[in-house]
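Step one of this worksheet: look at the structure below.
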Amino acid sequence: MREIHTGLIARIEGHGKVSIVLRGDVLENVKMQVVEGSRFFETLIKGRPWYEVPTILMRICSICTADHNLAAVRAVENAFEVEVSEQTRLLRELLMHGSILESHFLHIFFLSLPDLLGFPSALAMKKYYPEELERGFRLKKLGNDVQRVVGGRAIHPEKSKVGGFTSLPTENQLANLKRRIVLALKDALHTVDLILTQDYAEIRDSWGIYSCLMPGRNYDYFGDRILLGERVYEVSRYGEVIVERPISHSTAKRSTTKDGKPIMVGSLARLNLIWDKLPPMAKECYKNSDRFPSYNPMENILAQAIETVASLERCVEIIDELITRGIRNEKRIEIKPKESRGFGAVEAPRGTLYHDIAFDSSGKVKACNIITPTAINTYHMEEILRKEVKVMLSEEKNDEEIKKMSEVIVRAYDPCLSCSAHVIRIKE
Amino acid sequence: MSSIRKVRIKIDDLEVLADPEEKVLDVCRRLGIHIPTLCYNPLLPQERPGSCRLCMVAIGKGEKVYYREACKTPVRSGLEVHTNTPDLHSLRRDIVEFLLARHRRNCWDCPISGNCPFVELCRDYDVECLTVCAECPLQGEECLLSQGEICLGPLTYFGCGAPCPKQGHYCFGCRGLVPHEDIIKSAVEVYKSKGIDLQKVVERMELFSYSSEVIEKFCEIAGVRE
Ligand code: SF4
Ligand code: FES
């Protein structure tokens with residue numbers, strides 16, 4: 001009996017490692033271990049009033065803060081049957097794109113690109129790829145600035161509330177932002193090209209079960225229905241799409257389909273399922289790349305790059321629409337709490353994020369369940385690792401190569417482990 | 001200025017020539033040496049210039065050091081001045097505390113909050129008894145309290161620059177609550193005067209400061225349950 005451990009994997013969000021158990025030369029088990037401490041968000045939210053819910057829940061993550069905020073806001077609004085205005089909807093979509101841009105560029109340039117280009121870290125790339133690195137910084141900042149203008153801060157957008165926004169961006173601010181976004185489009189297209197010219201490991205996902213939310217008219221990261229392959233479910237029936245159960249070797253739960261198969265969510269899943277909603281330039285990238293639909297999780301990074309083009313395009317459209325409509329000084333919608341349960345889902349950068357919150361009659365939280373994209377992806381990751389390690393063993397690769405490859409695979413999913421670890425529930 | 005005979009003085013071990021009509025503070029300003037002052041601030045009433053005593057400097061050296069207000073001390077030949085010693089630091093710190101102890105606490109109604117000179121002083125001298133309201137430019141009708149929002153600005157440590165209230169979001173006390181009795185008292189008063197339910201204030205404080213001594217004191221002063 002022999003074990004190979006990767007140690008804590010660098011360049012991902014949170015702490016996790018891969019353990020490979022061998023008996024002789026035969027693979028016994030592969031474990032993706034999330035070693036983050038449990039975070040108990042679902043418990044500590046109990047008893048808090050509805051208006052604090054987005055404020056607290058967006059602290060789950062420091063990368064996709066806007067996504068957690070909007071998922072919680074949508075859950076509360078769903079529970080109390082609030083309909084927001086068109087302006088609020090547009091601003092929320094803009095906020096969402098800001099978060100997508102920030103998170104995707106962070107992953108592309110600083111976490112995954114070093115793998116593709118063969119460097120140990122992003123800083124080591126400085127000598128050979130100074131322009132790329134600088135572009136990365138510039139683009140990521142743009143994502144943060146979109147969130148700052150709409151949400152009030154670069155992270156944790158406090159302005160975005162149940163029923164609307166506490167204050168609105170000015171038309172001037174939006175116009176300035178637009179100027180930068182138009183410039184950034186060229187940078188984003190460059191990035192797609194750069195990634196296209198790299199070689200990936202050839203990995204095939206033999207299950208091919210993808211899931212994402214069904215978008216409205218646009219590629220907008222919101223939706224009230226879930227796509228699981230061809231099938232469609234209401235968000236309130238997410239329990240039929242994803243079945244969760246705790247496992248002993250990790251603080252994240254294992255999520256599978258009803259019949260126990262691994263699901264993949266995130267950029268790759270979205271492009272495979274809803275690519276026809278992409279705005280024109282992104283659609284062109286999608287078609288020209290000639291790689292989709294793709295069953296190779298390593299191509300997640302390419303999918304992310306194409307999505308950044310889509311988000312930049314949508315940002316321009318939204319800002320144009322907001323400016324032609326004129327920013328109206330709308331008040332937030334008044335909320336009347338009642339005993340009820342609400343579901344809110346958004347497409348976070350890493351995949352579908354579910355918030356399910358139940359309130360008592362005074363509007364205090366009674367129960368809460370959250371499923372994060374990484375929690376869904378972890379099982380998929382494990383299964384892919386299991387397959388690949390087997391292949392590597394048959395090719396008689398040494399331990400170091402196996403370790404390195406496992407890390408590269410994990411990183412391709414852009415996991416956010418600290419988000420995935422909060423799902424442990426205490427028995428009452 | 002050139003026709004008058006100059007005098008030679010030493011500031012922080014630096015020999016400088018000064019005009020005999022100048023005060024030590026003038027020379028320091030000319031040299032770019034920072035000395036805190038509250039007098040002569042155009043935002044404040046100029047009733048009694050030369051009374052804040054923050055401009056204290058150390059004169060002389062060794063055993064024979066004494067402290068004087070730089071704004072009132074004329075230069076004279078051979079004067080030796082130090083502007084930044086550990087003793088001066090703690091002296092100025094005491095002065096800031098003393099001034100604040102006599103200062104009104106209703107920053108939410110103060111016309112210069114948002115530009116309050118105490119903010120800088122408290123930061124530089126580690127005095128921890130200012131609240132977010134001192135940094136928040138909203139006042140009177142604009143203050144979120146007047147709009148019926150339960151803002152924790154009157155109870156929360158300053159230092160963030162009040163980004164939330166400035167954007168219309170009530171302060172939820174993420175920086176922690178100030179355990180200063182005067183501050184809690186005046187906060188209770190303002191909440192009462194704006195007709196805000198004190199029990200709700202307590203609920204809000206619990207988000208970031210669960211079971212803090214401030215909540216205990218607040219409840220005691222306000223006469224509400226914890
Ligand atoms: S809005 Fe809040 S922080 Fe600003 S002055 Fe009013 S109470 Fe103080
Ligand atoms: S500046 Fe106030 S006493 Fe000198």
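Throughout, a chain's letter reflects where its sequence line sits, starting with A, and its residues are numbered from 1.
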(message) If you count every heavy atom of other residues, nucleotides or ligands that lies below 6.0 Å from A:Lys338 atom NZ, does the total exceed 12?
(response) yes

(message) Can a donor-acceptor pair be found, under 3.5 Å and without considering hydrogens, that links the side chain of B:Gln167 to the backbone of A:Ser167?
(response) no

(message) Within this structure, what is the CZ-CD1 distance for the pair B:Phe208 and A:Ile56, rounded to the nearest 0.5 Å?
(response) 8.0 Å

(message) With a sphere of 6.0 Å drawn around NE2 of B:His82, does it hold more than 12 non-hydrogen atoms of other residues, nucleotides or ligands?
(response) yes

(request) Look up atom OH in A:Tyr51 and atom OH in B:Tyr170, then write down how far apart they are to the nearest 0.5 Å. (result) 6.0 Å

(request) First locate atom NZ of B:Lys166, then atom OG1 of A:Thr166, and finally report the distance between them rounded to the nearest 0.5 Å. (result) 14.0 Å

(message) Is it the case that over 12 heavy atoms from other parts of the model lie below 6.0 angstrom from the CD atom of A:Glu83?
(response) no

(message) Does atom OH (B:Tyr40) have a neighbourhood of more than 12 heavy atoms from anything else shown, all under 6.0 Å?
(response) yes

(request) With rounding to the nearest 0.5 Å, note down the distance linking CD in A:Glu52 to CD in B:Glu203. (result) 7.0 Å

(message) So, taking the atom named SG in B:Cys174 and the one named NE2 in A:His156, what distance separates them when rounded to the nearest 0.5 Å?
(response) 10.5 Å

(request) Would you mind telling me which of A:Arg153, A:Glu158, A:Lys159 has the largest number of heavy-atom pairs within less than 4.5 Å of chain B? (result) A:Glu158

(message) With a 4.0 Å cut-off on N to O distance, would you call B:Glu149 and A:Arg332 a salt bridge?
(response) yes

